[in-house]
Amino acid sequence: MMDSLDYNTIFASKTKQLAVTIIKELSKQPYNEAFSVIRKQIYRSSTSMAANYRAMCRARSKAERFSKISIVIEETDETLFWLEMLEELEYVQKTILTDIKTNTEEILKVTSSYRKMLKE
């Protein structure tokens, strides 16, 4: 059975890798003013998601952990919002966004469940 340290290490890596993937994929896209605004927002939200998950792993108390995981959820949901905007505006090929959206949704589900568990 995996202990929480292993899980946290794996999941911290997963959130960071998602942010890296978003940056790499969106950096390849041609310049468009409206797209650039969204790209900056999604860079901020995805890197914040990863950084706050990492901070959550080092939380000194249950309250601090709850606070950090709440930020992770908020930033992950925002990332998903911007991905949906890119999809609806057709600025990025749907095939590029599919895996990214799936990974983002998975992180959102897992972190939401974790916060629910912390609340109990």
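Because the structure is predicted, anything quoted here is derived from the model rather than measured.
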Within a reach of under 6.0 Å around CZ of R115, are more than 12 heavy atoms found that belong to other residues, nucleotides or ligands?
yes
Parallel, tilted or perpendicular: which one describes the rings of Y91 and F35, with boundaries at 30° and 60°?
perpendicular
Please determine whether residues Y31 and I38 belong to a single hydrophobic cluster, defined as Ile, Leu, Val, Met, Phe, Trp and Tyr linked transitively by side-chain heavy-atom distances below 4.5 Å.
no
Nearest atoms (heavy-atom pairs only) where P30 meets R39
O-NH2, 4.5 Å
Atom CE of M56 and atom OG1 of T15: how far apart are they, to the nearest 0.5 Å?
9.0 Å
Side chain to side chain contact (heavy atoms under 4.5 Å, CB included) for I69 and Y53? Distances and angles first, verdict last.
CA-CA 7 Å; I69 201 70; Y53 189 86; 4.1 Å; yes
Distance in Å, F66 CZ paired with I71 CD1, rounded so as to fall on 0.5 Å steps
11.0 Å
Closest non-hydrogen contact found for A50 with A19 is CB-CB, 4.5 Å
To the nearest 0.5 Å, tell me how far I42 CD1 sits from T104 OG1.
7.0 Å
Verdict with reasoning, N103 to T21, per side chain to side chain contact (heavy atoms under 4.5 Å, CB included):
CA-CA 11 Å; N103 287 333; T21 299; over 6 Å; no
Point-to-point distance, once rounded to the nearest 0.5 Å, from CD of Q41 to CG of L86:
11.5 Å
Please check: side-chain N/O of S112 versus main-chain N/O of K109, any donor-acceptor pairing under 3.5 Å?
no
NZ (K101) with more than 12 external heavy atoms under 6.0 Å:
yes
Gap between atom CD1 of I107 and atom CD of E105 - 0.5 Å precision
11.0 Å
Let me know which of K62, R60, K68 forms a side-chain hydrogen bond (donor to acceptor under 3.5 Å, both in side chains) with E64.
R60
Show the numbers, then the answer: is there a side chain to side chain contact (heavy atoms under 4.5 Å, CB included) between M49 and T111?
CA-CA 11 Å; M49 168 199 63; T111 54; over 6 Å; no
Of all heavy-atom pairs linking L26 and Y43, the shortest is C-OH, 3.8 Å
In Å, rounded to the nearest 0.5 Å, how long is the span from CD1 of I22 to OG of S45?
7.0 Å
Only one of L18, I23, N52 passes side chain to side chain contact (heavy atoms under 4.5 Å, CB included) with T47, and that residue is I23
Side-chain (T76) to main-chain (L108) donor-acceptor, under 3.5 angstrom:
no
Single-linkage hydrophobic cluster, 4.5 Å side-chain cutoff, V20 and W82 together
no
For the CD atom on Q93, are there more than 12 heavy atoms of other groups (residues, nucleotides or ligands in this structure) within a distance under 6.0 Å?
no
Shared hydrophobic cluster for F81 and L89 (ILVMFWY, side-chain gaps under 4.5 Å)
yes
Determine, step by step, whether E25 and I100 satisfy the side chain to side chain contact (heavy atoms under 4.5 Å, CB included) criterion, reporting the C-alpha distance in whole Å, the side-chain angles of both residues, the deciding distance to 0.1 Å, and the verdict.
CA-CA 10 Å; E25 289 301 327; I100 294 172; 4.2 Å; yes
